[in-house]
Amino acid sequence: MPELPEVETVVRDLRDHGLEKARILSADIRWPRIIEGMSPSSFARALRGRTITRLSRRGKYIVVSLDDGQHLLIHLRMTGKLHYIPAKHDPGKHDQVVITMVDGHQLLFNDTRKFGRLRLTRDADKGLGHLGPEPLEDTFTVSVLQQQLQGKSRMIKPLLLDQNCVAGLGNIYVDEALWQAKIHPERHANTLTKAEMKKLHQAIRTVLQQGVENCGTTLGTGQTNFYSVAGRRGHNADALKVFRRTGEPCPRCSTPIVRTVVGQRGTHFCPTCQRPLSAY
DNA sequence: AGTCTTGTTCGACT
DNA sequence: CAGTCGAACAAGAC
């Protein structure tokens, strides 16, 4: 489940593999629905001859900027993976899009569940404008978070999962941030005290930074887990305090971690540290 | 065999 | 309008 730290890891790995400056020869779209907003043939035609000028990230999107001012937005959704290989090879079972460079390198978009999406856009804001603030930027202050939560009666967990609120958070890091801030996932956003928002702000930044430092979270060994470029595993799983740790003792108070469903999403928390309502 | 899972969007309700 | 809910997408994990 690629969230901000996993996507950041992929972007860094693609840079390290030399994708920046590569020139595109052709694109082979093997599962048409992966391409959003235009036909696969138009997409392939638009990419032909383009040189990649920059790789960046916005929320959970990978932004591949091209020399004609267009941007290729890649969203991995749940099981999308990218590989950058030095020579042409026959596409594997789940290689949905193959982009071949003039020097023979191939960028493979591999996705077992075919939920991932590629979109070519002239104006990056069109595809990314709806996203909330970047939580690791210096501009993401407590008061920015406060503004995003202001007047919202929604439960804090579904709100944090909403990419319009804060960009890049997903199920893993939201559970971790709420545990660290000692906030129950079903608390309504407008009931958080200023002190709680401050702790939540710090917690969001800490868990995401740690995730980036550990190159993302890879749980288990199944092929639907997160793998970065060249099949590299993230090693943040050991740093998780509550996610997928149902029944294990809370690292702070030893109460067994509970799993519930909040907003149709599996949710892990400590029933002792994270009370439903603050006591005041 | 059947159920669950998961990020995001979208449409239908409340 | 704001928010909630379920559906849809797809296939591996269990």
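A, B, ... follow the sequence lines: proteins, then strands. Residue 1 opens every chain. Scope of the values below: all heavy atoms of this structure, side chains included, with no hydrogens, waters or symmetry mates.
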Close residues, residues 203-215 of chain A, relative to DNA chain B [heavy-atom separation under 4.0 Å]: none
Integer-rounded Å distance: C:dA11 C1' and A:H94 NE2: 8 Å
Side chains of A:H71 and A:S65, donor plus acceptor under 3.5 Å: yes
Within 6.0 Å of CZ in A:R15, more than 12 heavy atoms from elsewhere: yes
A:N225 CG to C:dA13 P, straight-line distance once rounded to whole Å: 9 Å
Euclidean distance, atom CG of residue A:L128 to atom C1' of B:dT8 [Å, nearest integer]: 14 Å
Side-chain cluster (under 4.5 Å, hydrophobic types only) that A:Y227 belongs to, other residues: none
Protein proximity profile, nucleotides 1-9 of chain C - base contact B, sugar-phosphate-only contact S, no contact -, cut-off 4.0 Å on heavy atoms: --SS-B--B
A:R122 atom CZ, over 12 foreign heavy atoms within 6.0 Å: no
Polar contact flag, side-chain donor to acceptor under 3.5 angstrom, A:N110-A:K93: no
Nearest-angstrom distance from the residue atom CG of A:N164 to P of B:dT8: 10 Å
Nearest-angstrom distance from the residue atom CG of A:L76 to C1' of C:dA10: 16 Å
Ring pair (Phe, Tyr, Trp, His ring centres under 6.0 Å) partners of A:F115, counting only residues at least two apart: none
What protein N or O atoms touch nucleotides 11-14 of chain B N or O atoms at under 3.5 angstrom, if any, and at what distances?
none

pair A:L145-A:V166: side-chain heavy atoms closer than 4.5 Å: yes
Nucleotide-level pairing of DNA chain B, given in dot-bracket where Watson-Crick and G-U pairs need both distances under 3.5 Å and | marks other strands: .|||||||||||||
Contacts of type side chain to side chain contact (heavy atoms under 4.5 Å, CB included), residue A:E137, not counting sequence neighbours: A:E134, A:T139
All ring pair (Phe, Tyr, Trp, His ring centres under 6.0 Å) counterparts of A:H83, not counting sequence neighbours: none
Results of side chain to side chain contact (heavy atoms under 4.5 Å, CB included) for A:R45 - residues two or more places apart only: A:S41, A:S42, A:R48
Between C:dG12 (C1') and A:L219 (CG): distance, integer Å: 15 Å
Atom-pair distance (CZ on A:R244; P on B:dC4), nearest Å: 15 Å
Side-chain cluster (under 4.5 Å, hydrophobic types only) that A:I85 belongs to, other residues: A:V98, A:L108
Integer-rounded Å distance: B:dT9 C1' and A:Q163 CD: 12 Å
Within residues 150-176 of chain A or reaching into it, pairs that qualify as ring-ring contact (aromatic ring centres under 6.0 Å, His included) - sequence neighbours excluded: none
Sugar-phosphate only, base, or nothing, as touched by A:R119 at under 4.0 Å among non-hydrogen atoms: nothing
Pairwise ring-ring contact (aromatic ring centres under 6.0 Å, His included) hits with a residue in residues 196-225 of chain A, at least two apart: A:F140-A:H201
A:Y84 and A:H105 aromatic ring geometry - parallel, tilted or perpendicular at 30°/60° bounds: parallel
